[in-house]
A.B. asks: 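Input: one structure, supplied below.
Below, all heavy atoms of this structure are taken into account, side chains as well, without hydrogens, waters or symmetry copies. Chain A is the first sequence line, chain B the second, and so forth, proteins listed ahead of strands; every chain is numbered from 1. What you are looking at is a predicted structure, and each value in this text was computed from that prediction instead of being measured.
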2 protein chains.
Amino acid sequence: MRSLDNHLCFALYAASRAMTAGYRGPLSELGLTYPQFIAMVVLWEADGVTVSELGERLQLDSGTLTPLLKRLEQAKLVARQRNADDERELIVTLTDEGHALQHKANDISEQVFCRTGLEESHAMQMLGDLHDLTARLRNTPSI
Amino acid sequence: MRSLDNHLCFALYAASRAMTAGYRGPLSELGLTYPQFIAMVVLWEADGVTVSELGERLQLDSGTLTPLLKRLEQAKLVARQRNADDERELIVTLTDEGHALQHKANDISEQVFCRTGLEESHAMQMLGDLHDLTARLRNTPSI
DNA sequence: ATCAATCATATTGTGCACAATCTAATTGTG
DNA sequence: CACAATTAGATTGTGCACAATATGATTGAT
């Protein structure tokens, strides 16, 4: 029988929540939650994407993204408009205010990274391991 | 500027959700959610603990645990009773049914672990890395 | 013994996650 | 063209997470 400390799932769950907590303070000064922040990271990379493209990148569905994007819209960080060529699609675009936030947000990322005390190379290795693990879990059809 | 793929926070967040998703199917057959499952893991280790002891182990507060434990009580997996010596404390105990679930749950842990395709030694290394990371994030007083 | 301070848990409110379902727009096939 | 099937998002409902606050029990200082 595995103890709690022997469960990789719990180590991930705890680390993820600790990381989110690390971002919470700095992000609150920008008026962002952590999930809103990662949505903005995607938009800073590629502006003017559909909700489903955003969802594919973040692995989040419309049930999560629709209200989140509405809040970002209310905060005037993004605009949401239907694609004229296909009215089913909703295009999410950064506002000037949304673009302007990128520098501050980048500082926060570096700040939190420093707090982890990780060597860049060690972080890259963990990044790779986590990426592989995620891919394997996604590719295994449940049995 | 870091891309989404360069954010360790996102790698953790995505891996954690993928792992939870991996447990979802098997656990649903036991009528458990993932957070309920890890609470049960702690109780299988040490029965008859207070809510705050459980919370310390899981790093979850009463706002999360109180309703979760009520659902486990409704499912007849745990009993909740006040400590007669200090009525502020609530003692959580496994029922026979709760104890009986341990074997099935352990099978699920092993099953999901196999799905990750990880060598035991690699998993142990990741476990250690994640543990360290979590500890560092917790110990850094926000600046 | 009294009562302010502390402590353990519960409650409330906000914002995710995600399953299930719904609606409206588009596409493919006869 | 007609219309079933598909697609993109939105909505609804449940269950976390977590901050803030409330409630009730206990402790400690006078």
Side-chain angles (χ1 to χ4, degrees), chain A residues 9-10 12-25 27-28 31-40 49-56 58-75 78 80-92 138 142, chain B residues 9-10 12-25 27-28 31-40 49-56 58-75 78 80-92 138 142:
Chain A
C9 62
F10 181 71
L12 281 167
Y13 170 72
S16 178
R17 284 186 301 120
M19 185 66 93
T20 300
Y23 275 88
R24 193 167 296 126
L27 284 180
S28 74
L32 291 177
T33 65
Y34 176 73
Q36 289 166 13
F37 162 73
I38 55 158
M40 292 296 286
V49 296
T50 64
V51 172
S52 57
E53 283 165 344
L54 206 54
E56 202 174 322
L58 300 171
Q59 294 291 316
L60 291 170
D61 71 7
S62 69
T64 301
L65 287 176
T66 296
L68 184 152
L69 292 170
K70 283 183 180 174
R71 282 186 279 271
L72 289 179
E73 187 180 41
Q74 270 200 300
V78 307
R80 305 181 328 130
Q81 50 211 342
R82 291 284 163 185
N83 180 355
D85 295 340
D86 185 342
E87 291 274 349
R88 290 173 306 180
E89 295 185 347
L90 189 83
I91 311 279
V92 183
R138 289 221 183 95
S142 208
Chain B
C9 62
F10 181 71
L12 281 167
Y13 170 73
S16 178
R17 284 187 301 122
M19 185 66 94
T20 301
Y23 275 87
R24 193 167 295 125
L27 283 180
S28 74
L32 290 178
T33 64
Y34 175 73
Q36 289 166 14
F37 163 72
I38 55 159
M40 292 295 287
V49 296
T50 65
V51 172
S52 57
E53 283 165 345
L54 207 52
E56 202 174 323
L58 300 172
Q59 293 293 315
L60 291 170
D61 71 5
S62 69
T64 301
L65 287 175
T66 297
L68 185 154
L69 291 169
K70 283 183 180 174
R71 283 186 278 270
L72 289 179
E73 186 180 42
Q74 270 200 299
V78 307
R80 304 180 330 129
Q81 52 212 338
R82 292 284 164 183
N83 181 354
D85 294 340
D86 185 340
E87 291 274 349
R88 291 172 304 179
E89 295 184 349
L90 189 82
I91 310 279
V92 183
R138 290 223 183 94
S142 208

A.B. asks: Taking the minimum atom-to-atom distance to the side chain of A/Arg24, which one of D/dC16, C/dC16, D/dA19 wins?
C.D. replies: D/dA19
A.B. asks: Round to the nearest Å and state the distance from B/Leu69 atom CG to D/dG15 atom P.
C.D. replies: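 In whole Å, D/dG15 P lies 14 Å from B/Leu69 CG.
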A.B. asks: Output yes when at least one side-chain N/O atom of A/Tyr13 is less than 4.0 Å from OP1 or OP2 of D/dA17, else no.
C.D. replies: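 Result: yes.
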A.B. asks: Determine, for nucleotides 1-8 of chain C in 5'-to-3' order, which nucleotides have protein heavy atoms under 4.0 Å from the base (write B), from only the sugar-phosphate (write S), or from neither (write -).
C.D. replies: ------BS
A.B. asks: Are the side chains of B/Leu58 and B/Leu65 in contact, using a 4.5 Å heavy-atom criterion?
C.D. replies: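 Contact flag for B/Leu65/B/Leu58 side chains = yes.
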A.B. asks: For D/dT14, does OP1 or OP2 lie under 4.0 Å from any side-chain N or O of B/Arg71?
C.D. replies: no
A.B. asks: Whole angstroms only, please: what is the OH-P distance between B/Tyr34 and C/dC18?
C.D. replies: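 Going from B/Tyr34 (OH) to C/dC18 (P), I get 13 Å.
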A.B. asks: Set out, in order, the CA-CA distance, both residues' side-chain angles and the distance that settles side chain to side chain contact (heavy atoms under 4.5 Å, CB included) for B/Arg24 and B/Thr20, then state yes or no.
C.D. replies: CA-CA 6 Å; B/Arg24 193 167 295 125; B/Thr20 301; 3.7 Å; yes
A.B. asks: Quick one: on DNA chain C, does B/Pro67 or B/Arg17 contact a more 5' nucleotide (nearest heavy atom)?
C.D. replies: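 Closest to the 5' end, via its nearest nucleotide, is B/Pro67.
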A.B. asks: Are any of A/Lys70's side-chain N or O atoms less than 4.0 Å away from OP1 or OP2 of D/dT11?
C.D. replies: yes
A.B. asks: Below 30° counts as parallel, above 60° as perpendicular, anything between as tilted: where do the rings of B/Tyr13 and A/Tyr34 land?
C.D. replies: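 Judged by the thresholds at 30° and 60°, the geometry between B/Tyr13 and A/Tyr34 is perpendicular.
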A.B. asks: Side chain of B/Thr64 only, heavy atoms from C-beta on: which candidate in C/dC18, D/dC16, C/dC16 is closest?
C.D. replies: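 In terms of side-chain proximity for B/Thr64, the closest of C/dC18, D/dC16, C/dC16 is D/dC16.
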A.B. asks: Using side chain to side chain contact (heavy atoms under 4.5 Å, CB included), reason through B/Asn83 and B/Thr50 one step at a time and then give a plain yes or no.
C.D. replies: CA-CA 9 Å; B/Asn83 181 354; B/Thr50 65; over 6 Å; no
A.B. asks: Given A/Val49, which of A/Leu54, A/Ile91, A/Leu90 fulfils the side chain to side chain contact (heavy atoms under 4.5 Å, CB included) condition?
C.D. replies: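 Running side chain to side chain contact (heavy atoms under 4.5 Å, CB included) over A/Leu54, A/Ile91, A/Leu90 with A/Val49 returns exactly one hit, A/Leu54.
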A.B. asks: To the nearest angstrom, how far is B/Leu32 atom CG from D/dG15 atom C1'?
C.D. replies: 13 Å
A.B. asks: A/Ala21 or A/Ile91: which one's nearest nucleotide on DNA chain D is closer to the 5' end?
C.D. replies: A/Ile91
A.B. asks: Let me know the distance between CG of A/Leu68 and P of D/dA10, rounded to the nearest Å.
C.D. replies: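 For the pair A/Leu68 CG and D/dA10 P, the rounded distance is 12 Å.
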A.B. asks: How close or far is atom P of D/dA8 from atom CG of A/Leu60, stated in whole angstroms?
C.D. replies: 17 Å
A.B. asks: Any sub-3.5 Å donor-acceptor pair from A/Thr66's side-chain atoms to A/Ser62's backbone N or O?
C.D. replies: yes
A.B. asks: If you define the side chain from C-beta out and look only at heavy atoms, does anything of A/Leu60 sit under 4.5 Å from B/Arg17?
C.D. replies: yes
A.B. asks: Does the side chain of A/Thr33 get closer than 4.0 angstrom to OP1 or OP2 of C/dC16 through an N or O atom?
C.D. replies: yes
A.B. asks: Measure the spacing between CD1 of A/Ile38 and OG1 of A/Thr33 and express it to the nearest 0.5 Å.
C.D. replies: 9.0 Å
A.B. asks: Look at the side chain of A/Ser62 and the base of D/dA10, then say whether one donor and one acceptor between them are separated by less than 3.5 Å.
C.D. replies: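 Such a pair is found, so the answer is yes.
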A.B. asks: Measure CG/A/Leu65 against P/C/dA17 and give the value in whole Å, please.
C.D. replies: 10 Å
A.B. asks: Between B/Leu27 (CG) and C/dC18 (P), how many Å, whole number?
C.D. replies: 14 Å
A.B. asks: So, does A/Gln36 get its side chain near the phosphate of C/dC16, meaning an N or O under 4.0 Å from OP1 or OP2?
C.D. replies: yes
A.B. asks: Please report, rounded to the nearest Å, how far the C1' atom of C/dG13 is from the CG atom of B/Asp61.
C.D. replies: 13 Å
A.B. asks: Give A/Asp85 one of three labels, base, sugar-phosphate or nothing, depending on what nucleic acid heavy atoms sit under 4.0 Å from its own.
C.D. replies: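 Sugar-phosphate: the residue A/Asp85, judged by heavy atoms under 4.0 Å, touches backbone atoms but no base.
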